[in-house]
Enquirer: 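Next up is a structure, given as structure tokens.
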Amino acid sequence: MPPRITASAPSPFQKLLITRQPYRCLSCSIRLSQSQSESAPQPQNASSQPTTHFGFEEIPSSSKSSRVSSVFSSVASSYDTMNDLMSLGIHRLWKDHFVRSLNPGSKPLLPASSTSQEPRTEPWTMLDIAGGTGDIAFRLLAHASLLNNDHTSRVIVSDINPAMLSAGRTRAQQPQYAPYAPRLEWLEANAESLPPSIIKDNSIDLYTVAFGIRNFTSPLKALREAYRVLKPGGVFACLEFSKVENRVLDAVYKRWSFGAIPIIGQLVAGDRDSYQYLVESIERFPRQREWRDRISEAGFLVPGVDERGEGGWENLTGGVAAIHKGIKPLNGG
Amino acid sequence: MHRILIPPTPLSLRVAIARHARRFSVLNRPPPSYRGHVPLTLIERSALVVGSAVTSLFNPRRGDLIATLGETTATPYFIYRLRDAMLSSITGRRILRDRPRITSQTISLARLRTLPGNSVGRVYASWLDREGVSPDTRDQVRFIDDEECAYVMQRYRECHDFYHALTGLPVMVEGEVALKAFEFANTLLPMAGISLFAVTRLKPAERSRFWRTYLPWALTNGLRSKEIINVYWEEQLDRDVDDLRAELGIERPPDLRQTRKALKEQRKAAKEARERMGGLMSE
């Protein structure tokens, strides 16, 4: 007797319960994808919306910040652990070197103005952009306090993502960072348009952004904002992933980035896609020379450029990361 | 019992081999076969197998990694065998053609609760209510290259709650391990077998119950019954569940919740008796 499972066609009641999915058999799905690819170019021609890159994807510019935001909300809780795993702890060396080379809290030898003989003694006001979990901010204050005996300089930590800021605030309660907590201000803001009432023009001595600027919808807008808020003579400093010069190191680095990092993201943070986005965004960010040119076009003076136009950045670990600096000219450029 | 072990036409295997012959690397992945598909290299697949197995053993709440473990261990042979078992049955072929999905949108729990008491749909809905779970908690398949086999894996995953309802096993670790043993014997998916390592996390009493009762039940019933992947659940909802069990050749195991409850009450009564005795003796 034939088994009853092979019964009649589904009843209307059951048809209500079954929803047909777009793809069926392999040949149907091939036909479907071909018809989709034929119709795909049309929406792009029809819309005049500006697009930008999100990793290797092209998306409307208006949605980039919310998509980046959801990436960072997702990674916020495991951000520091993942940084250690992805860079094998080397990010700590990069950040230490970055802060040390900026020497925050140091007193300049020059007098404050031409009329007075006294050197400038007012504390630094530092702005750490995309500084969510506070890595750079804590280092800036520790350097100022311990090496320059400066206990009054302060840091405004700004991030567009509240989850990252709250992770940073939680860290600030740990015993090794608690002494710096009164000198930290946590500001939720978009670096492309900082609130002028809170961050006034020409008010910041040092503007730092570490591993954040490649995620901005428009890094150039952020450069212009940096120019607005910095005092004349103030320093713009950017630590960012960049292009590896050495080809063997580059081959290893790319395979690590695209192979190991999404897997680590999946196992540790439970989110493969966010880490895939992160490594793709590294690929999309301009090379050292191009980025130096953007900084210079925004009005900054870039130190270290020789007469042939070479240099103007510092490579770390063979170019895996790079430090770019710019100084806002004293006399309005 | 007629179980397919050797796939009749290894076209899918030939496709899989051809794909490997393209020598793709992490920097040169082939285009995805379906939305969300991530083609993995052998090294990545092995890393995910080890990583997800270890992490989910120590942190069983990472359901996403258990799902990943299932997908990465299903190839090269096992998911093709399961797909071919579906192709060998008329109902299996209809499922592969219709590609029904089980989510809270496609299965209306409100309608199921109105069905007669011992129907498959009613038992499923009351099981979901009793355990406090919903049909929406299943991850999408991402790491199986063949698109049809990805659907087979997704179907297996979505039907897991129906298997709970079919066997009556509860959602606690002990019940899940017993059900995984049954699924392993029936579907031959390695992930179900690897999940049996979770027996190390059971308490001694639970473990002895597993070895003594549930594992023998799972193996005999899983091997003897028809392929449960071929059940078109959406059509069986108003059917009597004992009828379906008889047709598939599955006998219900002892009700785990009742057994545990009875044992707990026994222990409680014995403890009270001891305390009373101790009280008497101290006078």
Side-chain angles (χ1 to χ4, degrees), chain A residues 1-34 36-37 56-57 74 78 85 250-273 275-276 279-280 283, chain B residues 15 25-29 31 33-36 38 40-41 43-44 47-48 50-52 54-56 62-65 68 89-94 96-103 105-108 111-112 121 142 146-148 151 226 230-239 243-244 247-248:
Chain A
M1 193 176 95
R4 267 175 55 196
I5 283 178
T6 66
S8 50
S11 69
F13 167 68
Q14 285 148 350
K15 277 207 175 104
L16 279 174
L17 294 180
I18 301 169
T19 308
R20 304 267 156 169
Q21 293 299 307
Y23 54 79
R24 303 211 209 329
C25 58
L26 189 59
S27 53
C28 298
S29 59
I30 291 173
R31 258 181 274 133
L32 187 70
S33 67
Q34 279 172 350
Q36 270 177 353
S37 62
F56 290 158
E57 236 186 291
S74 159
S78 52
L85 288 172
D250 193 34
V252 172
Y253 171 61
K254 283 223 168 57
R255 274 163 181 76
W256 172 259
S257 292
F258 285 91
I261 286 179
I263 290 182
I264 299 174
Q266 192 178 347
L267 293 176
V268 173
D271 188 347
R272 187 188 177 94
D273 295 325
Y275 288 92
Q276 184 70 29
V279 298
E280 287 175 2
E283 273 298 294
Chain B
V15 168
S25 69
V26 300
L27 300 175
N28 181 27
R29 291 189 207 273
S33 313
Y34 50 90
R35 195 172 49 180
V38 181
L40 295 177
T41 61
I43 301 176
E44 286 183 300
L48 269 181
V50 172
S52 55
V54 168
T55 314
S56 56
R62 292 293 303 273
D64 61 313
L65 288 184
T68 305
S89 130
I90 292 181
T91 328
R93 288 196 287 274
R94 280 199 302 119
L96 284 178
R97 186 193 63 205
D98 296 339
R99 303 260 182 118
R101 297 293 299 270
I102 300 176
T103 62
Q105 265 87 42
T106 56
I107 300 265
S108 163
R111 307 284 304 250
L112 295 184
R142 298 188 71 180
D146 182 73
E147 186 242 355
E148 197 173 35
Y151 173 73
K226 299 205 177 74
N230 284 332
V231 177
Y232 206 143
W233 292 103
E234 290 84 347
E235 292 172 357
Q236 304 291 320
L237 290 170
D238 34 15
R239 191 167 162 198
D243 201 25
L244 181 61
E247 190 192 326
L248 288 171

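The chains referred to below are lettered A, B, ... by the order of the sequence lines, with proteins before strands, and numbering in each begins at 1. The analysis underlying the following values was restricted to heavy atoms, covering all of them including side chains, and did not include hydrogens, waters or symmetry mates. Everything numeric in this text was worked out from a predicted model, so none of it was measured.
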Enquirer: Relative to chain A, which segment of B:V38 carries a heavy atom at a distance below 4.5 Å: side chain, backbone, both, or neither?
Expert: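 The answer is the side chain of B:V38.
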Enquirer: Against A:L267, only a single residue in B:V50, B:D64, B:L65 fulfils side-chain contact (heavy atoms from CB on, under 4.5 Å); can you say which?
Expert: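 When B:V50, B:D64, B:L65 are each tested with A:L267, the side-chain contact (heavy atoms from CB on, under 4.5 Å) holds only for B:L65.
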Enquirer: At a heavy-atom separation under 4.5 Å, does B:T55 approach chain A through its side chain, its backbone, both, or neither?
Expert: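 The answer is the side chain of B:T55.
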Enquirer: If every non-hydrogen atom of B:R62 is compared with every non-hydrogen atom of A:Q266, which pair is closest and at what distance?
Expert: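 Taking every non-hydrogen atom into account, NH2-O, 2.9 Å.
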Enquirer: What's the shortest heavy-atom distance between A:F258 and B:L27, and which atoms?
Expert: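 Looking at all heavy atoms of both residues, the closest pair is CD1-CD2, 3.7 Å.
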Enquirer: Taking all non-hydrogen atoms of both residues into account, name the closest pair between A:R255 and B:S25 and its distance.
Expert: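 The answer is NH2-OG, 4.5 Å.
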Enquirer: With respect to chain B, which residue among A:A260, A:P262, A:G259 yields the maximal number of heavy-atom pairs within a distance under 4.5 Å?
Expert: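 Counting heavy-atom pairs under 4.5 Å, the top option is A:G259.
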Enquirer: Looking at A:I263 and B:A47, what are the two nearest heavy atoms and their distance?
Expert: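 That would be CD1-CB, 4.3 Å.
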